Amino acid sequence: MTTLDASWLPLSPGERAVAIEVLVHGPLSRAELARRLNLSAGSLTRLTKPLIESGLLVEQTTEGTAPAEVRQGRPSQPLDMVAESRFFIGFKITEDTVYGVVTTLRSDIIARAERPLTTHEPALVADLLREMTEEFTRAHPRPAGIGIGVGAGVRDRSVVIQSPFLGWDEVPLAELVEEQTGLPVVVENDVAALVEAECWFGAGRGLDRFAVLTIGAGLGYGLVSGGRRVISSEDGLSLGRGRHWMVNPHGPLTPYGERGSAVSLLTIPSIRYQLQAATGREMTYEEILGLAADGEPMAARVVDEAARALGTIVSQIANFAMPQKILLAGEGVGLLDVAGAAVEEAILANRHPQADKVNLETKVSDFHDWARGAAVLAIQVLVLGSAEA
């Protein structure tokens, strides 16, 4: 049986493929696992033996069934992982709050917390992460590692190249947090981490082509092709990329001066800015959506423009990337509850009449889900060594 003290050695490519297949799709019989990976029975036995011996995989037994080692013939028990055999900590850092979670090996959230971020000084942020880690480990001791998601460009899964929200440039965040906690740390762009989590354990599980579009304080986009996230040097530049997604050249200005871009039409700060400029009153995003739902003219116009911009972007993703599903996530997805019909109209207007219906899924989530994405990166990198740097 796997224990918290099990030692997991670095995996070979073949062992890694087996471990990931069982983690994401298990429990699986050996016959099904061999079929999925196109392996002979002998090759599968060779690959699974060290994984079982290390405790990463376990053989499921049912009541009244003798253990595999005392029965005749090839073992037939399904292979699985004990999700609670390792715990992982994930953090999502925003401009004013740090959100944290503890997850199992299958990314189920078993604890969550949030703390205000009163400073952006990197050393003090690392100290806050240490405090939250210590709180988590009182109930869930010996975590395997930490994943951190930041709205930023990240190099080598360790250095924050640039974060406009935090005012960081070339901050060695992984090193700082490792020094504070004594745990291995993986840092990644928050959208990239979310895409990985949805690819393995969420809306994109089992799909060959899958896209994620996030709307909130900024815009994020990620693409999965061949069952793997497409890695780009532009990861973390989603705000800048969104400024160049031109949707309506005659559209509104952002506070930064862009006109008609996806950022100017869709992000929460821009929507709030438009209403404040028109009414002289500051309103929350939820208040604006509520006014639009009630038919208040100015709020309804701004929300309708945002919805049509969203539909246009979704249709273009469908046209060019041809994903089997598009997941819409982020704190701005409430837009669809109020103006879903306008989104659908814009999608249809920008698609061929005979094109397949866009498989659009929305996910109502909070920042703890983004923290979960960071924990999934830790699982991939620290345990399975599977995610590319």
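Since the model is a prediction, treat every value here as computed from it, not as a measurement. The figures that follow rest on heavy atoms only: side chains count, while hydrogens, waters and symmetry mates do not.
For the pair Phe165 and Gly151, the tightest heavy-atom approach, listed with the atom from each and the gap, is CD1-O, 3.9 Å. Phe87 and Val102 get closest at one heavy-atom pair: CB-CG1, 4.0 Å. Listed here is the closest heavy atom pair of Val101 and Phe136: N-CZ, 3.8 Å. Across Cys199 and Val224, no two heavy atoms sit closer than the pair SG-CG1, 3.9 Å. Taking all atoms of both residues into account, the shortest heavy-atom contact from Thr94 to Leu117 is O-CD2, 3.4 Å. Across Asp208 and Gln324, no two heavy atoms sit closer than the pair N-OE1, 2.8 Å.
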Test log, rule side chain to side chain contact (heavy atoms under 4.5 Å, CB included), inputs Phe210 and Val212: CA-CA 7 Å; Phe210 170 64; Val212 176; 3.5 Å; yes

Salt bridge (Lys or Arg N to Asp or Glu O under 4.0 Å) evaluation trace for Glu198 with Lys363: CA-CA 10 Å; Glu198 292 297 330; Lys363 179 174 183 177; 2.3 Å; yes

Steps toward side chain to side chain contact (heavy atoms under 4.5 Å, CB included) verdict (Leu360, Leu327): CA-CA 6 Å; Leu360 181 64; Leu327 176 68; over 6 Å; no

Side chain to side chain contact (heavy atoms under 4.5 Å, CB included) evaluation trace for Val150 with Asp190: CA-CA 5 Å; Val150 187; Asp190 52 4; 5.9 Å; no

Stepwise side chain to side chain contact (heavy atoms under 4.5 Å, CB included) check, Asp108 with Thr103: CA-CA 5 Å; Asp108 296 316; Thr103 78; 6.0 Å; no

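Between Arg35 and Glu32, at least one side-chain nitrogen of the basic residue sits less than 4.0 Å from a carboxylate oxygen of the acidic one, meeting the salt-bridge criterion. Using a 4.0 Å cut-off between charged nitrogen and carboxylate oxygen, Glu344 and Lys357 count as a salt-bridge pair. Looking at Asp80 and Arg106, a side-chain N of the basic residue comes within less than 4.0 Å of a carboxylate O on the acidic one, giving a salt bridge. Contact check on Arg115 versus Glu131 returns a salt bridge, with a Lys/Arg side-chain nitrogen under 4.0 Å from an Asp/Glu carboxylate oxygen.
Contact check for Val18 versus Leu44: side-chain heavy atoms found under the 4.5 Å cut-off. Using a 4.5 Å heavy-atom threshold, the side chains of Phe201 and Ser107 count as touching. Counting heavy atoms from C-beta outward, Glu361 and Leu328 have side chains that stay 4.5 Å or more apart. Under the 4.5 Å side-chain criterion, counting only non-hydrogen atoms from C-beta, Gln274 is not in contact with Met298. Looking at heavy atoms from C-beta onward, Glu331 lies in side-chain contact with Ile268 at the 4.5 angstrom threshold. Considering only heavy atoms from C-beta on, Ile161 stays 4.5 Å or farther from Val154 through its side chain. Within the 4.5 Å cutoff, no side-chain heavy atoms of Leu79 are placed close to those of Val58. At a threshold of 4.5 Å between non-hydrogen side-chain atoms, the residues Arg157 and Leu377 count as touching.
Note: Thr284 OG1 to Arg272 CZ = 7.0 Å, rounded to the nearest 0.5 Å. Distance check, rounded to the nearest 0.5 Å: NE2 of His352 to CG of Asn350 gives 13.5 Å. The CG atom of Leu57 sits 9.0 Å away from atom CD of Glu59, with the distance rounded to the nearest 0.5 Å. Here the OG1-CG distance, from Thr48 to Leu33, works out to 8.0 Å after rounding to the nearest 0.5 Å. Here Glu296 contributes atom CD and Ile288 contributes atom CD1; the two are 10.0 Å apart, rounded to the nearest 0.5 Å. Considering CD of Glu188 and CD of Glu196, their distance stands at 8.0 Å, rounded to 0.5 Å.
When the side chains of ILVMFWY residues are joined at heavy-atom separations under 4.5 Å, either directly or via intervening members, Leu213 and Leu348 end up in two distinct hydrophobic clusters. Transitive grouping of hydrophobic side chains (ILVMFWY, heavy atoms separated by less than 4.5 Å) keeps Leu183 and Val159 in distinct clusters. Placement of Ile52 and Leu47 within a single hydrophobic cluster is found when ILVMFWY residues are connected by side-chain heavy-atom separations under 4.5 Å, directly or transitively. No continuous path of hydrophobic side-chain contacts links Leu194 to Ile109 [ILVMFWY only; heavy atoms under 4.5 Å].
Of the candidates Val177, Leu176, Ile146, Leu129 forms a side-chain contact (heavy atoms from CB on, under 4.5 Å) with just one, namely Val177.
Around atom CD of Glu170, more than 12 heavy atoms belonging to other residues, nucleotides or ligands sit under 6.0 Å away. Few gaps surround CG on Asp294; more than 12 heavy atoms of other groups in view lie less than 6.0 Å from it. In the displayed structure, Asp169 atom CG is contacted under 6.0 Å by more than 12 heavy atoms of other residues, nucleotides or ligands.
In this structure, Trp245 and Tyr221 have perpendicular ring planes: the angle between them is above 60°, well past the 30° mark.
Using a distance-only test at 3.5 Å, with no hydrogens or angles considered, a donor-acceptor pair links the side chain of Arg209 to the main chain of Met322. In this structure a side-chain-to-backbone donor-acceptor pair under 3.5 Å is present from His368 to Ala113. For the pair Thr137 (side chain) and Thr133 (backbone), a donor-acceptor distance under 3.5 Å is present. Looking only at distances, no side-chain donor or acceptor of Asp156 sits under 3.5 Å from a matching main-chain atom of Ser158. Side-chain atoms of Gln60 never come within 3.5 Å of backbone atoms of Gln77 as a donor-acceptor pair (strictly under, hydrogens ignored). The backbone N or O of Gly100 lies less than 3.5 Å from no partner atom in the side chain of Lys92, so there is not a single donor-acceptor pair. Side-chain atoms of His120 do not come within 3.5 Å of backbone N or O of Trp168 as any donor-acceptor pair. A donor-acceptor pair under 3.5 Å is formed between the side chain of Glu15 and the backbone N or O of Ser12. At distances below 3.5 Å, at least one donor-acceptor pair connects side-chain atoms of Ser270 with backbone N or O atoms of Val263. Without hydrogens or angle criteria, Trp200 side chain to Val195 main chain gives no donor-acceptor distance under 3.5 Å.
Residues meeting the side-chain hydrogen bond (donor to acceptor under 3.5 Å, both in side chains) test with Glu286, sequence neighbours left out: none. Legend: residues meeting side-chain hydrogen bond (donor to acceptor under 3.5 Å, both in side chains) with Ser163, ordered by chain and number and at least two apart, are absent.
In this structure, a donor-acceptor pair under 3.5 Å is absent between the side chains of Thr312 and Ser315. Thr181 and Arg130 share no side-chain donor-acceptor pair at under 3.5 Å.
Connectivity analysis of hydrophobic side chains (ILVMFWY, heavy atoms under 4.5 Å, direct or indirect) links Leu124 to nothing; its cluster partners are none.
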